[in-house]
There are 2 protein chains.
Amino acid sequence: MTKRRTDGLSKELIVKAAKELLDDGGETALTFRALTTHLTTGYGAIYHHVANKSDLLAAATDDVIASVMTGVVVDAEPREALRTVALGLFDAIDAHPWVGAQLSREPWRPALLAVYERIGGLLDALGVPERALFDAAGALVNYVLGVAGQNAANARVLTLGEADRSAFLAKVAAQWADLDPERYPFVHKASAQLREHDDRDQFLAGVDIFLAGIATLR
Amino acid sequence: MTKRRTDGLSKELIVKAAKELLDDGGETALTFRALTTHLTTGYGAIYHHVANKSDLLAAATDDVIASVMTGVVVDAEPREALRTVALGLFDAIDAHPWVGAQLSREPWRPALLAVYERIGGLLDALGVPERALFDAAGALVNYVLGVAGQNAANARVLTLGEADRSAFLAKVAAQWADLDPERYPFVHKASAQLREHDDRDQFLAGVDIFLAGIATLR
DNA sequence: ACCTGAACACCGTTCAAGT
DNA sequence: ACCTGAACACCGTTCAAGT
């Protein structure tokens, strides 16, 4: 009954609106009701362009990953390029935490395909022998997505309730420190480092451990 | 109006029922309605023992991980024990795919704490220098959970629609093979290995790459 | 203290009807 | 072909009322 859209709707427009809702309010903010308001349209119009919510989330994820994959410069030598690509993914998922949960859902989607291609290609350029290339790429991709997803989960918790990162870390670190050193020697000892650590640095340290391990495959 | 429970309800009983629903029907099968039927009780009775659905999922996850951590034998030398623990987690998440999505949600929960303690302790026993221990443990835990989660996502897809694993892998491998070798040289080449690979073996190969990388930190 | 179940405020998705 | 919005079949959660 209200006025009809004059400009045509499209999947791109819907995905763009979905990304805005997700970035602003997290995964729970993406509802078809919010979308219809945002786009001043009806449910059917949206369903005419996307199959369902899952399809919409996947398309939004593809979008974010694709822009990382095309945006990152890789004219550096393979080792440095790998670190750059990994950091690019880390930062993108940090900026769009909802991507983290999505990536592990449908590994055959364009998003992950591009990631495998880029990382596999760079490992090849690094001189990893062909027989080990598939396993090495799989392991590295999974590490990158695993950490990034975990980090995104933390980011989600922070935006929801907690005041700020350092206060949150201090709280968890205090819990770790309070644990019985007899039963939890490692976690107890690690509490100080937990409080002070930088997620990005630790992520990169892991990438380096990986690359060092891969170097032994030669 | 129907007859009242005579035996008392408890959080343990609720968590047990939740695990059964999750194992049988996946994440979507866990609803409070299904729980009330399963336990022949009302909503309020459940909410009297658990705070909300998220709390219930976390408790069920803690349960699964705890039984892996106590069940796995670790009198082997550290390197072998690490592989055993990693495989135990992999198999548990494979058997309970819903755990995969949960683990990355609240890293300060008992479940992840126990994992960090075990893996950190074994890395310590392996001789990783103290300054590198925190980063190494973080990286390895994230790798293990990342792969396991990804694997669980695949398992979820398989139980939902696809006939069987090899048919599914063959389909995705065919898609990879069809890609333009100019644009996707790595993925195109890797399609044969994708079709034939064993998830468990590839997972262990990744753990070994990691341990090799960690060995260089000495 | 523990349990019951109607009710509330949401969801995703469908579909007859419009242009 | 594309869009509208009422309606349907679900959710998680609350809460007055019971024992």
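A note on names: the letters A, B, ... follow the listed sequences, proteins ahead of strands, and every chain is numbered from 1. Keep in mind that the numbers below use all heavy atoms, side chains included, and drop hydrogens, waters and symmetry copies.
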| task | Both distances under 3.5 Å, Watson-Crick or G-U wobble: report the partner of D:dG12, or none. | result | C:dC8
| said: Quiz question: by atom type and distance under 3.5 Å, do the side chains of A:H188 and A:D180 form a donor-acceptor pair? | reply: no
| field | Candidate nucleotides D:dG12, D:dG5, C:dT4, ranked by approach to the side chain of B:T41 - the nearest | value | C:dT4
| field | Gap separating the CZ atom of B:F32 from the OH atom of B:Y47, nearest 0.5 angstrom | value | 3.5 Å
| said: Measure CG/A:L39 against P/D:dC3 and give the value in whole Å, please. | reply: 11 Å
| Tell me: NE2 of A:H49 to P of C:dT13, nearest whole Å? | 16 Å
| query | With respect to the phosphate group of C:dT4, does any side-chain polar atom (N or O) of B:H48 fall under 4.0 Å of OP1 or OP2? | reply | no
| request: Determine the contact category for B:L30: base if any of its heavy atoms lies under 4.0 Å from a base atom, sugar-phosphate if only primed atoms, P, OP1 or OP2 are that close, otherwise nothing. | output: sugar-phosphate
| request: Name the closest nucleotide to the B:A45 side chain, picking from D:dT13, D:dA7, C:dT4. | output: C:dT4
| Could you give the distance from CG (B:D55) to NZ (B:K11), rounded to the nearest 0.5 Å? | 4.0 Å
| Once you round it to whole Å, what is the distance between C1' of C:dC10 and CD of A:E27? | 18 Å
| request: Among the candidates C:dG5, C:dG12, C:dC3, find the nucleotide nearest to the side-chain atoms of B:L9. | output: C:dC3
| field | Short side-chain N/O contact from A:Y47 to OP1 or OP2 of C:dT13, under 4.0 Å | value | yes
| For D:dA1, what is the paired nucleotide under Watson-Crick or G-U wobble rules, both distances under 3.5 Å? | C:dT19
| field | Separation of atom CZ in A:R33 from atom P in C:dC11, rounded to whole Å | value | 6 Å
| request: Could you check how far CG of B:L57 sits from C1' of D:dG12, rounded to whole Å? | output: 12 Å
| Gap between atom CD of A:Q102 and atom CG of A:L145 - 0.5 Å precision | 12.5 Å
| query | C:dC11 P sits how many Å from A:K53 NZ, rounded? | reply | 9 Å
| field | Separation of C:dA6 C1' from B:F32 CZ (nearest whole Å) | value | 17 Å
| query | In whole angstroms, how far is the P atom of C:dA1 from the CD1 atom of B:I46? | reply | 21 Å
| said: Between A:K16 and A:E12, does any NZ, NE, NH1 or NH2 come within less than 4.0 Å of an OD or OE carboxylate oxygen? | reply: no
